[in-house]
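First comes the structure, then the notes that go with it.
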Number of protein chains: 2
Amino acid sequence: MVTMRDVADRAGVSIATVSFVVNGTKPVAADTRTRIEQAMADLGFRRNAVARALASRRTHILAMAYPALDHDLSSSALEFFTSAAATAARLDHHLVLWPVSNDAAELKELIGEGLVDGVLLMEVQLDDPRVAVLEAARMPFALIGRTADPTPYVHVDIDFDATIREAVAHLHELGHRRLVLVSGDRSDPGMIDYGPYVRSEAAFQATAEAYGLEPTILRSGTTAAAGRELAGRLAHDHPDVTAVMIMREYASLGLVSELRRTGRDIPGDISVLPLVASRELPSLSDPALTIMRSPGPELGRLGVESLITLVAGGSVPPPQLIPCRLEIASSTAPPPES
Amino acid sequence: MVTMRDVADRAGVSIATVSFVVNGTKPVAADTRTRIEQAMADLGFRRNAVARALASRRTHILAMAYPALDHDLSSSALEFFTSAAATAARLDHHLVLWPVSNDAAELKELIGEGLVDGVLLMEVQLDDPRVAVLEAARMPFALIGRTADPTPYVHVDIDFDATIREAVAHLHELGHRRLVLVSGDRSDPGMIDYGPYVRSEAAFQATAEAYGLEPTILRSGTTAAAGRELAGRLAHDHPDVTAVMIMREYASLGLVSELRRTGRDIPGDISVLPLVASRELPSLSDPALTIMRSPGPELGRLGVESLITLVAGGSVPPPQLIPCRLEIASSTAPPPES
DNA sequence: CTGAAAGCGCTTACAG
DNA sequence: CTGAAAGCGCTTACAG
């Protein structure tokens, strides 16, 4: 391994001066700098990340804490991870994966090791015990999602208000007046307080009121089978509904396939609009789905950027709320003539 | 931060002795040990991972190098990551994400930082330039996948031979005699040499020969749309085929939906068997798909275990080839009477 | 603009 | 069984 000592010797300077040019920490005379840079190139020097971390008290490592397999994160999560890791790399950082459960003790242990400068907290609950652990440890963190009152914390999240507004506007423009929002099943203990459901439902109530519509809300599990079951409930309990906004992407596949199987035309008889969908979803269904696409990559990037800003001790970065964007395909159209 | 110095002072010993009990490195008298453990508990000591790493020359950090979004890794990849990270944690390690391209220079830079003890290389090509980089840097690594001749390297991979054998056996037992294997499109430059395709095709040739069947091989892109297009080719060019084994899971969804749209009953007229599928796939389709399920979690675990063994300098862990397992649902059945 | 030196918090021969 | 001390490869006041 080539160390600063080696570089310093070859350039005829002290290791402090080498450090100054490597980090740009202090001005160095042009010719000295040139000699050092030459020596580094000759020897193939790379600054050791561990020694740097110990001396500077900054590891430049960030942790991504996510509850392993608690829900179907799958494809959005991978987009998110990749974007976050790439952003971290661009800003001279690394990203470690902490697939910790929502219980706080495990997180506390990991923090104690002193390996990371900050934590990105995914799948935040409205009342999240992990936040207290992070605060007590004075560990910088950013929320991906929001607690009930996220004001005191650095956070980035989907803008559910704007997402619902755009979705409703799209359907309303097409002529739909009987819309339903399918939110997630909250019977699961961990899900009672799940922010995306709570906020979307509230946003739908408000938006529907603004349009003078009745805000019908249904719940569904996450699987395609749950989506199929939903199709039955819809036909039986809400036969007049002409458009469905649905938050679970796998369930939307089951919903569409069961609706078609039972003779409903999509989008002729009923429009289907998945709300927080990943890139792959549209093409997985027939007809291709119009979606509100999840801003996974943007959230990953912004989460890391915000966290690094916070760690650097600059100003506290403002919250970032990013709406899903409408991507039109073939599952929404004007309602049938009535 | 509580350091070993603090613990040593409170227990009335030297920091060396504290280190011995923390790591179990050397025998320590029972009462001394008790005093130290009490002091650690009182102070809430946690050994600093960075200092440990610098002194011991082992960071206990592993890197997961994967080409970001080169293909559709999505859901299997997340299972893999999570399993790998959890295994790492269980063995006192961390996992960092390196979404590096397949080009070797970037990997070399990262290795140079000295942050990681070893690298897990995903999406290995038959002739992979990254392997040379790793070898030159004397960086321990394990392949997830295989180079053309993986013998010299620690590797874990899907056992394509056994997977194809079980898939063919399943279909043959049902009575199918006209099978087709749908492999991936290799027109993409990076894909010409893609191991999973190459090995599956070879395995199918061999297995078909053993059964006295004609080994028809088609290629398809990864998307659902590509799967739909495939349905047309199948009907037109291979009308007598009664069973399709297919390697791309999204394409299998398009294939099934297009077959049904054009009036083919599944599994009545034709059986469909996705070969390296993730857990979610079966329920995403109607009928639910019988699959050969990808051993993502097992590969993640074995990859990390093998790599840690290698890093620890023990014996070189043997290759691990894990077959996909047959999970029967509703897309395979006896062929129609002819 | 540059250097000598302390120090980050551990591990690990070495000595006793 | 335990301790004193060197050392891992950097950063960072401090002095000049």
Side-chain angles (χ1 to χ4, degrees), chain A residues 1-37 39-40 43-61 92 94 111-117 311-313, chain B residues 1-37 39-40 43-61 92 94 111-117 311-313:
Chain A
M1 168 185 275
V2 180
T3 70
M4 280 194 179
R5 179 75 270 156
D6 301 322
V7 174
D9 288 349
R10 174 175 258 257
V13 297
S14 74
I15 60 167
T17 308
V18 176
S19 176
F20 300 150
V21 351
V22 167
N23 298 298
T25 327
K26 288 191 182 179
V28 170
D31 61 328
T32 313
R33 163 186 305 276
T34 307
R35 280 209 320 283
I36 292 173
E37 281 166 348
M40 293 199 294
L43 299 171
F45 170 78
R46 294 238 65 207
R47 133 148 96 7
N48 182 282
V50 177
R52 173 205 200 190
L54 185 61
S56 67
R57 292 138 163 295
R58 292 259 270 111
T59 64
H60 288 239
I61 302 174
D92 186 28
H94 290 268
I111 290 172
E113 293 181 20
L115 184 73
V116 306
D117 291 339
V311 169
Chain B
M1 168 186 274
V2 181
T3 70
M4 279 193 178
R5 179 76 272 152
D6 301 321
V7 174
D9 288 350
R10 173 176 259 255
V13 297
S14 74
I15 60 167
T17 308
V18 176
S19 176
F20 299 152
V21 350
V22 167
N23 299 298
T25 326
K26 288 191 181 179
V28 170
D31 60 328
T32 313
R33 163 186 305 277
T34 306
R35 280 208 321 282
I36 291 173
E37 280 167 348
M40 293 199 295
L43 299 172
F45 170 79
R46 295 238 65 207
R47 136 148 92 8
N48 182 281
V50 177
R52 173 204 198 190
L54 185 60
S56 68
R57 292 137 163 292
R58 292 259 270 112
T59 63
H60 289 239
I61 301 175
D92 187 28
H94 290 269
I111 290 171
E113 292 181 21
L115 184 72
V116 307
D117 291 339
V311 169

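Residue numbers begin at 1 in each chain, while the letters A, B, ... track the order of the sequences. Every value quoted in this text rests on a predicted model; they were computed, and no experiment measured them.
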**Study point:** Phosphate OP1/OP2 of C/dT2: any A/Thr32 side-chain N/O under 4.0 Å
**Key:** yes

**Study point:** Separation of atom CG in A/Asp6 from atom P in D/dG9, rounded to whole Å
**Key:** 9 Å

Study note, to complete from the structure: Of C/dT2, D/dC1, D/dT2, the nucleotide closest to the side chain of B/Val28 is D/dT2

Exercise for review: Could you tell me whether A/Ala29 contacts a base, only the sugar-phosphate backbone, or nothing, with contacts defined as non-hydrogen atoms closer than 4.0 Å?
Suggested key: sugar-phosphate

Point to revise | Residue-level proximity of residues 46-59 of chain B to DNA chain D when a heavy atom falls under 4.0 Å | key: B/Leu54, B/Ala55, B/Arg57

Practice item. May I ask you to verify if any side-chain N or O of A/Ser19 is less than 4.0 angstrom from the OP1 or OP2 atom of D/dC10? Key: no

Exercise for review: Can you figure out which of D/dT11, D/dG3, C/dG9 approaches the side chain of B/Ser14 most closely?
Suggested key: D/dG3

Check your understanding: Can you list the stems that include DNA chain C, where a stem is three or more consecutive Watson-Crick or G-U pairs with distances under 3.5 Å?
Key -> C:1-3 with D:14-16, C:5-12 with D:5-12, C:14-16 with D:1-3

Check your understanding: Atom CE of A/Met4 and atom P of C/dG7: how far apart are they, to the nearest Å?
Key -> 20 Å

Check your understanding: Nearest-Å distance, CZ (B/Arg35) to C1' (D/dG3)?
Key -> 13 Å

Point to revise | A/Glu113 CD to C/dG9 P, straight-line distance once rounded to whole Å | key: 16 Å

Review point. Starting at the 5' end of DNA chain D, which residue's closest nucleotide do you reach first, A/Arg5 or B/Thr17?
Key: B/Thr17

Exercise for review: First locate atom CZ of A/Arg52, then atom OG1 of A/Thr59, and finally report the distance between them rounded to the nearest 0.5 Å.
Suggested key: 9.5 Å

Study note, to complete from the structure: Quick note, B/Ala16 side chain, CB onward, closest among D/dT11, C/dT12, C/dT2 is C/dT12

Check your understanding: Which is true for B/Thr3 with a 4.0 Å heavy-atom rule: it touches a base, it touches only sugar-phosphate, or it touches nothing?
Key -> sugar-phosphate

Review point. Which one, C/dA4, D/dT2, C/dT2, comes nearest to the side chain of A/Lys26?
Key: C/dT2

Review point. Is any side-chain N of the basic residue among A/Arg5 and A/Asp9 closer than 4.0 Å to the acidic one's carboxylate O?
Key: yes

Point to revise | From B/Leu115 atom CG to A/His60 atom NE2, the distance as rounded to the nearest 0.5 Å | key: 11.5 Å

Review point. For A/Val13, which contact category applies under a 4.0 Å heavy-atom criterion: base, sugar-phosphate, or nothing?
Key: sugar-phosphate

